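Here the structure is laid out as structure tokens; the discussion comes afterwards.
Each residue takes its place number in the sequence, starting with 1. All values reported here derive from a predicted model rather than from experimental measurement.
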Amino acid sequence: MAPVIWYLLNLLALPIIGFLVLLVIAMKSGEASELRRVHSKAGVYMSILGAVLISSGVAICWFVYGNTGLFWTYAIVWAVVLHTSFVLWGMIALAQAIGNKPPYFPRRLL
């Protein structure tokens, strides 16, 4: 459960510190149980994916619209929708971890 909790802390309360702790947990999960290793890797992958998707979407919009009202509207909506989606994935992953089940994540990446 700890990797998923740190994933959610990374998104909601401690952005950089939460990611660093999650990364350390993932790197030290070699001797841990399979379930903990899977949740650790999924949390790290989802954190990186979220940062890339949010920042690239905002950057592309900046290049297309410049510093206009349309850019700011799009950027805020884009960031809020993606952030909320990643938080919801984390809540589902936490429920899966509590139930001793693997997260919903592509198996080939884990």
Group every Ile, Leu, Val, Met, Phe, Trp and Tyr by side-chain heavy-atom contacts under 4.5 Å, then state whether [X] and [Y] land in the same group.
X   : Y   : value
L11 : M1  : yes
L88 : V4  : yes
L8  : L20 : no
L82 : V77 : no
L14 : V24 : no

Any V44 side-chain heavy atom under 4.5 Å of M27 side chain = no
Measuring from [X]:[atom1] to [Y]:[atom2], what's the distance to the nearest 0.5 Å?
X   : Y   : atom1 : atom2 : value
S29 : K41 : OG    : NZ    : 7.0 Å
H83 : L53 : NE2   : CG    : 13.0 Å
I5  : L22 : CD1   : CG    : 11.5 Å
Y74 : W62 : OH    : CH2   : 15.0 Å
H39 : M46 : NE2   : CE    : 13.0 Å
L49 : Y45 : CG    : OH    : 11.5 Å

Determine the minimum heavy-atom distance between [X] and [Y], stating which atoms define it.
X    : Y   : answer
W78  : G57 : NE1-CA, 3.5 Å
E31  : K28 : OE2-O, 2.9 Å
P102 : L35 : N-CD1, 3.6 Å

When T84 is tested against each of V81, V87, V80 for side-chain contact (heavy atoms from CB on, under 4.5 Å), which residue passes?
-> V80
Passing option when S47 is tested against F86, W6, F19 for side-chain contact (heavy atoms from CB on, under 4.5 Å) | F19
Name all residues meeting the side-chain contact (heavy atoms from CB on, under 4.5 Å) criterion together with R108; count only those two or more places apart in sequence or in a different chain, and write none if there are none.
-> none
Would you indicate whether I98, at its atom CD1, is surrounded by more than 12 heavy atoms from other residues, nucleotides or ligands within a distance under 6.0 Å?
-> yes
Taking atom CZ of F71 as the centre, report whether more than 12 heavy atoms of other residues, nucleotides or ligands fall under 6.0 Å from it.
-> yes
Report the relative orientation of the aromatic rings in W89 and Y7; use parallel for angles under 30°, tilted for 30 to 60°, perpendicular for over 60°.
-> perpendicular
